[in-house]
Novice: 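Here it is, the structure in full.
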4 protein chains.
Amino acid sequence: MVGRPRSEQARRAILEAALRLCERDGYPNVTLKGIAEEAGTGRQTLYRWWDTKADLLLEAMTYLVESSRAPSQADLQTFLRETFALADGAVGRVVAGLMAEAQSDPALGERLRARLIGPRRATLRAVLERMPPPPGADLDLLIDMIFGVMWYRLLNRHAPLDASLAEDITTLVARIGASPGPDEERPG
Amino acid sequence: MVGRPRSEQARRAILEAALRLCERDGYPNVTLKGIAEEAGTGRQTLYRWWDTKADLLLEAMTYLVESSRAPSQADLQTFLRETFALADGAVGRVVAGLMAEAQSDPALGERLRARLIGPRRATLRAVLERMPPPPGADLDLLIDMIFGVMWYRLLNRHAPLDASLAEDITTLVARIGASPGPDEERPG
Amino acid sequence: MVGRPRSEQARRAILEAALRLCERDGYPNVTLKGIAEEAGTGRQTLYRWWDTKADLLLEAMTYLVESSRAPSQADLQTFLRETFALADGAVGRVVAGLMAEAQSDPALGERLRARLIGPRRATLRAVLERMPPPPGADLDLLIDMIFGVMWYRLLNRHAPLDASLAEDITTLVARIGASPGPDEERPG
Amino acid sequence: MVGRPRSEQARRAILEAALRLCERDGYPNVTLKGIAEEAGTGRQTLYRWWDTKADLLLEAMTYLVESSRAPSQADLQTFLRETFALADGAVGRVVAGLMAEAQSDPALGERLRARLIGPRRATLRAVLERMPPPPGADLDLLIDMIFGVMWYRLLNRHAPLDASLAEDITTLVARIGASPGPDEERPG
DNA sequence: TCGTAACCGAGACGGTACGTCCCGTCTTGCG
DNA sequence: CGCAAGACGGGACGTACCGTCTCGGTTACGA
């Protein structure tokens with residue numbers, strides 16, 4: 001026997017309620033009880049489909065990111081501008097909460113990287129590799145620095161995460177690309 | 001009238017218990033009740049002196065960071081090596097937890113910046129400014145990128161936060177310093 | 001929708017635990033936390049169904065009194081003997097505690113009268129009214145005096161609350177009945 | 001050395017504060033902390049001179065009763081009217097609270113009887129003994145019934161504790177006195 | 001077409017941490 | 001040494017949420 005199929009309506013209501021509450025109260029102040037009530041759903045329905053609050057929000061985030069337009073890979077500055085716009089909002093704050101929770105839950109960290117952070121990182125790598133001239137061997141470090149700035153500002157909020165930052169980073173990357181790499185001879 | 005003075009012994013016991021528990025269970029799993037029991041103190045003694053768990057741990061972190069040797073400002077690589085060593089341990093994970101909590105508590109973010117992040121940032125700035133040749137006008141962005149890498153790896157754990165990273169960053173900064181700045185004429 | 005029904009088992013366990021603890025420690029020394037632990041139940045289950053400790057014990061008392069044999073209304077002495085036997089035990093001490101608490105909680109006093117004291121009083125009235133010869137117009141005062149003795153000895157413990165008291169009161173009531181009422185002519 | 005003598009001012013302030021708070025909040029809601037604050041005194045000063053809240057209030061009650069005019073022993077009705085007037089106020093409610101606490105503290109009951117209840121009882125006995133004709137052998141039971149009514153109405157509040165009650169009781173006692181005692185021959 | 005298995009809402013269950021209040025004790029400095 | 005002040009370890013308060021468990025009621029197959 002198969003039984004009654006999962007209610008897609010309940011699933012959507014839950015994810016949307018979770019997002020709404022995260023935006024209103026902040027990720028750590030959101031409770032599963034609160035989500036169920038906001039969604040008008042039973043509590044067991046949450047526990048049936050998700051193991052933890054983090055799992056639920058991770059799915060909500062994935063849905064949100066994937067339903068937004070795919071990041072343009074045309075040039076670095078555009079890509080960064082789009083990425084920063086996404087991070088500098090509710091998504092960023094929720095993902096920051098997930099990231100924090102992952103500090104004491106390595107499995108969550110793994111899923112976070114696999115589903116949200118990894119793909120973005122791969123896209124940035126592709127964009128950088130396509131840039132003329134290629135920025136040399138330290139590509140991974142370069143990626144870390146670019147997304148590092150993003151995370152740092154996302155969390156620390158000491159400076160905005162905006163289009164101007166995208167431009168500045170693009171400029172800096174160009175300078176690095178133009179400069180001699182550590183293993184290369186300076187052009188005579 | 002004066003009343004009984006605050007017990008320095010209780011204060012130390014609480015801070016040390018908090019650190020011990022954070023190391024064992026991770027910041028978000030630590031409870032004030034647990035800290036009080038671990039410290040052998042009354043629960044009210046915590047609430048008397050600290051408003052929240054975050055406040056308590058922020059003080060513990062400040063104490064830990066300040067009681068460690070002052071960061072050597074001699075050269076960038078040494079400074080980064082020391083800083084990364086500090087971040088790549090219990091301190092890092094706790095501060096990450098605080099940072100996450102600050103996402104929905106701006107006042108906490110303020111204190112975090114004032115007490116922990118700001119000073120380190122100022123030191124990095126001083127180190128960079130003393131470097132020959134100076135890295136140009138984008139000093140703030142450079143600082144963001146360097147500490148950005150640190151935060152990114154601290155949270156995301158996709159790559160180590162070690163002496164080799166300190167070296168790579170130092171090398172990259174040297175390359176940037178050697179390259180023409182955005183506002184400068186390329187040397188003909 | 002309906003939800004999970006109330007657990008009759010938990011209800012009983014709580015009432016019985018409350019009685020057990022009252023007997024052991026005395027009503028004012030009983031705590032809701034202690035009852036929950038003794039009953040092996042969650043603390044919230046108490047708060048869900050009873051507003052206060054007094055409410056809970058009032059229900060336990062009502063249950064105890066009603067589950068004991070209905071007071072025999074045959075003659076005054078038997079009724080008093082049974083009533084005193086009930087009062088001169090755990091029930092009495094708990095009800096005394098409730099009565100004391102009712103001093104600063106009029107609503108509790110109301111419920112106490114409605115559920116425990118009133119019915120007993122009505123029965124005594126019925127018993128007295130059926131007595132030949134009827135004790136005259138001051139029936140209410142007579143009831144107050146009879147139950148007054150009971151309460152006085154229950155609380156003050158200066159003299160026993162036993163069958164001999166029941167007998168003495170019965171004798172005295174007979175004397176009063178035999179004597180001329182205040183509004184009557186003395187027999188010439 | 002003898003040290004500083006006890007401050008009579010503090011003692012009075014404490015007793016008066018205790019009475020004030022009992023009147024305002026009811027005996028069981030009064031705390032020693034609250035009394036100390038209301039009295040503008042240190043908490044240790046309370047614990048130095050009284051063992052418990054009950055002890056303190058017992059002293060306050062004794063003070064209050066003794067400072068009121070000594071009960072007139074002229075005739076029963078006047079004595080009862082005065083006694084009821086005292087009981088039907090703050091004193092009554094506080095003593096009821098003490099009585100309740102005494103249910104699980106026999107030593108307190110002892111002191112309560114020795115200091116407050118016993119003396120009054122002795123006076124009532126003297127008044128009754130002086131009445132012509134003497135009410136016979138059941139004097140103790142009669143006392144219990146008279147004060148029983150008082151306690152019953154004090155606690156249960158189902159009827160007033162006033163001058164009219166004093167009159168009714170006096171009338172009833174007269175009837176009992178006029179009736180033949182249980183051990184006596186009816187007058188031929 | 002009808003049973004039945006799995007879903008759904010509601011909400012009670014045993015737990016546990018929260019932040020507050022008071023307990024009774026202690027440790028200051030002043031009088 | 002008494003006293004006001006007030007911190008200390010301890011413990012109960014009432015609340016909120018956890019994750020689990022029953023309920024009655026509702027689909028949507030497959031026998």
Side-chain angles (χ1 to χ4, degrees), chain A residues 1-11 13 29-37 39-49 51-53, chain B residues 1-11 13 29-37 39-49 51-53, chain C residues 1-11 13 29-37 39-49 51-53, chain D residues 1-11 13 29-37 39-49 51-53:
Chain A
M1 290 284 175
V2 281
R4 178 178 180 174
R6 176 175 184 181
S7 158
E8 183 59 24
Q9 181 184 334
R11 181 178 161 275
N29 299 323
V30 169
T31 69
L32 288 176
K33 185 173 186 283
I35 294 173
E37 281 166 3
T41 189
R43 205 126 60 85
Q44 198 58 38
T45 303
L46 274 72
Y47 287 105
R48 208 187 325 271
W49 301 111
D51 284 342
T52 63
K53 178 173 75 164
Chain B
M1 293 289 173
V2 280
R4 179 176 176 174
R6 175 175 185 181
S7 159
E8 183 58 26
Q9 180 184 331
R11 182 178 159 275
N29 299 321
V30 169
T31 68
L32 287 175
K33 185 173 187 283
I35 294 173
E37 281 166 3
T41 188
R43 205 130 59 89
Q44 194 59 42
T45 301
L46 273 73
Y47 289 106
R48 208 187 325 273
W49 301 111
D51 284 342
T52 61
K53 178 173 75 164
Chain C
M1 294 284 176
V2 281
R4 179 175 177 173
R6 176 174 183 181
S7 159
E8 184 59 25
Q9 180 184 331
R11 182 178 159 275
N29 298 323
V30 169
T31 67
L32 288 176
K33 185 174 187 283
I35 295 174
E37 281 166 4
T41 189
R43 205 132 59 87
Q44 193 60 42
T45 301
L46 275 73
Y47 289 106
R48 205 185 331 268
W49 300 110
D51 284 342
T52 62
K53 177 173 75 164
Chain D
M1 289 284 177
V2 282
R4 180 177 176 175
R6 175 175 183 181
S7 157
E8 183 59 24
Q9 180 185 332
R11 179 177 162 277
N29 299 324
V30 169
T31 69
L32 288 176
K33 186 172 183 284
I35 295 173
E37 280 167 4
T41 187
R43 204 128 56 88
Q44 197 58 39
T45 302
L46 273 74
Y47 287 104
R48 210 191 322 275
W49 302 110
D51 283 343
T52 62
K53 178 174 76 165

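Here is how names work: the chains are called A, B, and so on, in the same order as the sequence lines, proteins then strands, and each is numbered from 1.
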Novice: Nearest whole Å is fine: how far is E/dG11 P from A/L32 CG?
Specialist: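 Rounded to the whole Å, the gap is 18 Å.
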
Novice: Within the structure shown, what part of the strands sits under 4.0 Å from D/G40 by heavy-atom distance: base, sugar-phosphate, or nothing?
Specialist: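 Sugar-phosphate, backbone atoms only, no base.
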
Novice: With nearest nucleotide decided by heavy atoms, which residue, B/Y47 or B/G3, maps closer to the 5′ end of DNA chain E?
Specialist: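 Nearest-nucleotide comparison on DNA chain E picks B/Y47.
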
Novice: If I take atom CH2 in residue A/W49 and atom P in nucleotide E/dC7, what distance separates them, rounded to the nearest angstrom?
Specialist: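 Distance check: A/W49 CH2 to E/dC7 P gives 5 Å.
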
Novice: I'd like to know whether CD of C/Q9 has more than 12 heavy-atom contacts from other residues, nucleotides or ligands below 6.0 angstrom.
Specialist: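 Not more than 12 within 6.0 Å, no.
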
Novice: Start at the 5' end of DNA chain E and walk down; is the nucleotide closest to D/K33 or to A/A39 reached first?
Specialist: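 Result of the comparison: A/A39.
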
Novice: Indicate yes or no: at least one non-hydrogen side-chain atom of D/T45 is less than 4.5 angstrom from one of D/R48.
Specialist: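 They are in contact (side-chain heavy atoms under 4.5 Å apart), so the answer is yes.
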
Novice: If I compare all heavy atoms of B/V30 with all of B/K53, which pair ends up nearest, and what's the gap?
Specialist: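 B/V30 and B/K53 have their closest heavy atoms at O-NZ, 3.0 Å.
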
Novice: So for C/R4 and E/dC13, does any side-chain atom that can act as donor or acceptor lie under 3.5 Å from a complementary atom in the base?
Specialist: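 No, the side chain and the base share no sub-3.5 Å donor-acceptor pair.
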
Novice: Can you measure B/E37 atom CD to E/dA17 atom C1' for me and round it to whole angstrom units?
Specialist: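 Roughly 10 Å, once rounded to whole Å.
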
Novice: Would you please confirm or rule out a distance under 4.0 Å between OP1 or OP2 of F/dG6 and any side-chain N or O of B/R6?
Specialist: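 No, B/R6 has no side-chain N/O under 4.0 Å of OP1/OP2 on F/dG6.
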
Novice: Is the terminal nitrogen or CZ of C/R6 (NZ for Lys, CZ for Arg) located under 6.0 angstrom from the six-membered ring centre of C/W49 and within 45° of that ring's axis?
Specialist: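 Ring-cation test returns yes.
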
Novice: DNA chain F: B/T41 or C/T52, which has the more 5' nearest nucleotide?
Specialist: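 That would be B/T41.
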
Novice: Using whole Å, what does the distance between atom P of nucleotide E/dG19 and atom CG of B/D51 come to?
Specialist: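 After rounding, the reported distance stands at 10 Å.
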
Novice: Nearest whole Å is fine: how far is F/dA4 C1' from D/R11 CZ?
Specialist: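 From D/R11 CZ to F/dA4 C1': 19 Å.
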
Novice: Specify the separation, in whole Å, of atom CD of A/E8 and atom P of E/dC8.
Specialist: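 To the nearest whole Å, that distance equals 11 Å.
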
Novice: Look at the side chain of D/Q44 and the base of F/dC3, then say whether one donor and one acceptor between them are separated by less than 3.5 Å.
Specialist: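 No, no donor-acceptor pair under 3.5 Å.
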
Novice: Separation of D/L46 atom CG from E/dC23 atom P, in whole Å?
Specialist: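 For the pair D/L46 CG and E/dC23 P, the rounded distance is 10 Å.
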
Novice: May I ask you to evaluate whether C/T45 reaches the phosphate of E/dA12, defined as a side-chain N or O under 4.0 Å from OP1 or OP2?
Specialist: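 No, outside the criterion.
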
Novice: Whole angstroms only, please: what is the CZ-P distance between C/R48 and E/dA10?
Specialist: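 One finds 17 Å between P of E/dA10 and CZ of C/R48, rounded.
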
Novice: I'd like to know if B/R43 reaches the base of F/dG10 with its side chain, counting only an N/O donor and acceptor under 3.5 Å.
Specialist: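 Between F/dG10 and B/R43, which were checked side chain against base, a qualifying N/O pair under 3.5 Å is absent.
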
Novice: Taking all heavy atoms of D/A13 and all of D/A39, pick out the closest pair and write down the distance.
Specialist: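 That closest heavy-atom pairing would be O-CB, 3.6 Å.
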
